[in-house]
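Here's the structure we're looking at; comments come further down.
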Amino acid sequence: MTTIVPPPAPADPGATSTDAGDIAVEIQTGWKLTLREFARNKLALLGVGILVFFVLFCFVGPFVYHTNQVATNLLNTDQPPGNGPLGTDSNGFDVLGRLMLGGQTSLEIGLLAAVIATVIGTLWGAVAGLLGGLVDAAMMRVVDILLSLPFLLVVLIVAHRYGSNVWNLSLILGVFSWLVPARLVRGEVLTLRVRDFVSAARVMGGSRTRLIFRHLIPNAMGTVIVNITFQIADAILALAALGFLNFGVHYPHTDWGSQIADAADNLSNGYWWLVFPVGIALVLVVMAFNLIGDGLRDAVDVRLRKR
Amino acid sequence: MAPLLEVENLTTHIQLSRSVVRPVENVSFHLKAGETLGLVGESGCGKSMTGLSLMGLLPPGGRVLEESSIRLAGRELVGLPDSEWRGIRGNEIAMVFQDPMSSLDPTKTIGYQVAEPVRLHRGASKAEAMERAAEVLALVGLPRPKERLSDYPHQLSGGLRQRVMIAMALACEPKVLIADEPTTALDVTIQAQILTLLADLKDRLGMSMILITHDMGVVAGHADRINVMYAGRIAETTTTDRLFAGMRHPYTQGLLASIPRLAQDNTQRLYTIPGLPPDLSDPPAGCRFAARCTHATDRCRTEEPELTGSEDSHRFACWHPVDGALPPATVSVEKSAPAEGAGADEAPANRPLLEVVDLVKEFPVGGGLRRGKVSVKAVSGVSLSLGAGQTFGLVGESGCGKTTLGRMIVGLDKPDSGRVTLEGTQIDALHGRELRRHRRDLQMMFQDPYSSLDPRMRVGAILREPLQIQGIGTAKEQTDRVKELLGEVGLPTSALERFPHEFSGGQRQRIGLARALTLNPKVIVADEPVSALDVSIRAQVLNLMKRLQASHGMSYVVISHDLAVVKYLADRIGVMYLGKMVEVGSGQDIYERAAHPYTAGLLEAIPIPEPEVERGKRGGGIKGELPSPLAPPSGCRFRTRCPFAQDKCAEEEPLPRLFGDGHVAACHFPLQTPVERSAHSSDATGGAPGTSTGKAEGEATAAV
Amino acid sequence: MTGYLIRRLGTAIIVVLGIILVTFLMLHIVAPSPAQTVLGPKATPAAISAWNHTNGFDRPWYSQFGTYLNNLLHGNLGWSYKLNQTVDSLFKEKAPLSGFLSLTSLVVAIAVALPLGIFQAVKRNSFGDVSATTLAFVFYSMPVFLVALLLIQVFALSLGWVDANVPQDQSLSGALAHFKDLILPIVALATTAVASYSRYQRSSSLDVLAQDYIKVARAKGLSERLVFSRHLVRNASLPMITLIGLSLPVLIGGNVLIEYAFNINGLGLMFVNALSNDDYNVLMAYTLITAILTVIGNLVADVCLTLSDPRIKLV
């Protein structure tokens, strides 16, 4: 994707040596190499920076900046910034403190849902890819069917009934978003299992378990890890949509989507401080995960570039 | 007469994000009208980049420096605005690229694509251009060109696609045709057809041609002059005859000497050029070949030699020129007696180590309802046998089933019928633990050095894995064994802690060989072990394989499309065509007394780095394309391309016949006289279904 | 071709049956009976079970599923106990407006994203490409309703170009009379779609640009413009067909959010209201229709791809 014609003969590391056995001086390890490549990517580092900031902001912030986020203060509603750094909302809660609280929920649910989806998806995809044949066909039809269901609508229906706290919402979002990772992992397994190094392990007499745990899983890990970051971004967005439609977590908790919903009602009243801080926070966090994901994907690719 | 194309001091730079690569530096040459100039060298020597510079088609970041000069019929091309370049590209200079599979737009008809330059440069109407397209397609030998104008590229085979590519390049009758590795992606019989076609068209249309290739055999037969390139510079340039008769540059000498030859005595070691080419973003001072040159002195390492001599004389850039080709190698490989290895006590004469009997494998195509109805007949009843410490070479073009056969021998694919027996144990019937234990004796070496090593494992772990799986030795013993193996394949112990991507292709093939050796197998199946490597690296790996066989006494089954490689390594050779073994014999039988017309055609098609021999071959070789393995021809499968085919060949499948000691071929009209027909010989192997044993062959093996 | 169509249609029907079953089961578990909704919160357990018995809600699920399937085959989507109306008539009323929103924004998104992605790939790393990539990245990370709020703030509240309140008329013709007010919802939907489509189109164009046949086209002497128009556009756009087919559920999900944000009286808003009202037949019908539309969308995309890519065999 980078150049139209590959540059001539990517010179080998240590190519200047005269002995076929003499090789690159610096010893690198696999994951270290990925990390180093990742660290070269300025955008990805920006993503990490944003993420670190928000994690500290949401989880450490409340210890530094104390606000009352349980008792409403109806005498002090919808105050512009100045009354508290970011003003207050329609229940009289301090907006900055609310932002921290909502962020906790969004980050927690995003991570949990992504992990649940990835675990289910990886297992499903790996089993389908490994068994192949009819089992694979049947398992993939199930994925096709579920993939045709409108994600948001289904999640809304279930969340309306069972959602309300972090665990349930994570479970609901996770259980309905494992399909993409399942397809991804299956594809990866299908390409990996015909690679020569897997054949080589079979020729040595390697058992199925060994092939799976020593060769397939470590090699598919990169793809899976990259996918988790995107999955988190998607889960945070989906949670925001639920919150926006008033199906997010319940009082006394809050999430960023619910905050945007409250703010939206007051947009025409000119209470801009209600919508923009939380909106920007949401976009920045989702962007951070997407940036990290892009960076990781490139770093993993670079490592395999010389396959 | 002034030369048609004059290139002076061509220097090309490519700006990468962190460095500048200089793939072409100070390259000068002339091309006369009607002449074919060969540009030869290994990958990364700058030959393709030279071609692209002449087309003004450098990749992003690439540019030709101002002091360079490219004059076409007196007109300076360097510095031309792009609008004028476009009038030249495809019109006066045209190019044929390496990979015909990816060089055609998949969504446009071939008629459209061939007509496109005609419409562009000749201003022809759509209909006129189509007519011209049909004309050129006829010229390049596309059968029924008018009907095929509306075909899409995916409907054509690789060979036909390359013909379409040539038609596209010739549509506007260019003065210069640049052919960049035009046949590298093709099978050897198709390669011969395409090269003949190019030479023929060049003469008929009065073009000049620049033939870019890594293959000394190809230039020997088709070039009038040759530029040998190394690391972005011309090392040596002269006429083809003078070059082969009296080369002066040590690199040319090494390049030629490291190619295994058909006529070569295969007990001799191949000449090798040590090391790897330099990094062109930071080329060494002095002669760029100095680091790998056996003649190098201090002067070579500090002072860069210029290309000296007058334009038409023999020019070379070397401080210590050599004189002529190297004499045939004198170092012979010590050939251990076969019995010295595993199974030393057994009398090999009575019992072959490995026996393959009547293997059949078909792969169903498509899914759903059509599953099982159509299948690729990959291997259709092939038998062979192999004695201890010997090498059986399997040769054939892509799609002949040789790789599938190899995979069945090591148990990666289950045969549909037939059996594989190692020392009397039927391997393909084994299961579970027992199979796993027997795997020790049958190991495999893979073609692609980039995919055969797990990218996430260190070399140490990769080499230890076979021992761990088989539960051999303690951790300490395993490590010792791995170190010993690295030493045997010529890698330092520091390699243990490194990952595969830190190694070059040749080094990775060494690691692959070491891994196959770890368990001290009795047989190693090597599938195209060197075809992904450059010529000079190839010789290193081939020598290593020979040396290790001599010291370990194991047997090889070597699979390759390259008959010269197979002949260099093998004691006995089997020639496969479309899933059948058509001929089996010793290297001498195959090379000197080929009985099957396919074997003869294959031999004819292989380019040999000897100009006189090559020029005499033009126009010969096997005609046509490989039939579909979904529905192979009835009777003799080769009959559709065989010059001697008669009705009988379609009706009756030829049985294998004996032509000498262990020399068997399956043909109704063989090129040699068979030895007297006997019940015995009709029982011999060769691939006919129904023949059940490899007895004749087994006995022949013993006699070798 | 017909053989291919029949096979493809066969799979589609199996998938649709699967969808109906899954959706039915899901709602059956979430809300086994609408009795509470119908009889009100004060209904006695006896009254509820009596109502369930009369209306067949005490039968085993498969029997209820059979009835549902049978009704479905006769085009009967059920009854909205909350709105006292058949679900069919509800859809007939509201579908045109929602469909108009979805289709218009889809067309706008494709019309913008395809050229944009190709332009970005061709001018890779130029100022235009970098800014477009950055913008696409930001909007790709922004939920559609936030885009809507942003648009309302800027164009309705700050600039006052359009009215923040969208016509309440639920008929298409009534809404079209105030087309100006539909611009923001369409722009909001299209923006998010453009953000994701253009990213794909850019990378698929870059892939095509790296192909040998582009080099060959240049070697023929074609100008860059011709190289792109003849050999890049079609090849780079082919993968988009599948992507667009797959993105239909996202688009319809976007409709729900946008209709809610702008208070447009379409199917999406109806869905949100039905959710709060526990009006399960409406939920079921909307989910089902969306899923079936998705299957049809994928089918159409596949057929389009088959028609426009000669490599795909029609057997």
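Sequence lines set the chain letters: A, B, ... in the order given, protein chains first and strands last, and positions in each chain run from 1.
- Residue-environment remark: NZ (B:K414) exceeds the threshold of 12 foreign heavy atoms within 6.0 Å.
- The part of B:M457 that comes within reach of chain A is its side chain, from C-beta onward, which places non-hydrogen atoms under 4.5 angstrom from that chain.
- Residues B:P455 and A:F197 approach most closely at CD-CE2, 3.6 Å, considering heavy atoms.
- Separation of atoms CD (B:Q447) and CG (A:D196) is listed at 8.0 Å; rounding is to 0.5 Å.
- Looking at B:Q470, the atoms closer than 4.5 Å to chain A (heavy atoms on both sides) all sit in the side chain, from C-beta outward.
- The distance from atom CZ of A:R202 to atom CD1 of B:I469, rounded to the nearest 0.5 Å, is 12.0 Å.
- Dense packing is recorded around CZ of B:F363, with more than 12 heavy atoms of other residues, nucleotides or ligands lying under 6.0 Å away.
- Sequence neighbours left out, the pairs with a member in residues 117-140 of chain A that pass salt bridge (charged side-chain N to carboxylate O under 4.0 Å, His left out) are A:D136-A:R186.
- Taking 4.5 Å as the heavy-atom cut-off, the residues of residues 203-212 of chain A that approach chain B are A:V203, A:M204, A:G205, A:G206, A:S207, A:R210, ordered by number.
- Ranked by heavy-atom pairs under 4.5 Å with chain A, the first of B:R436, B:M444, B:H438, B:R440 is B:R436.
- With a 4.5 angstrom heavy-atom cutoff, B:R407 touches chain A only via side-chain atoms.
- Of the two parts of B:R433, neither the backbone nor the side chain holds a non-hydrogen atom closer than 4.5 Å to a non-hydrogen atom of chain A.
- Both the backbone and the side chain of B:L412 have a heavy atom closer than 4.5 Å to some heavy atom of chain A.
- Annotation: maximal heavy-atom pairing with chain A below 4.5 Å, among B:Q443, B:E42, B:R515, B:M445, occurs at B:Q443.
- Heavy atoms of A:A201 lying under 4.5 Å from chain B belong to its backbone as well as its side chain.
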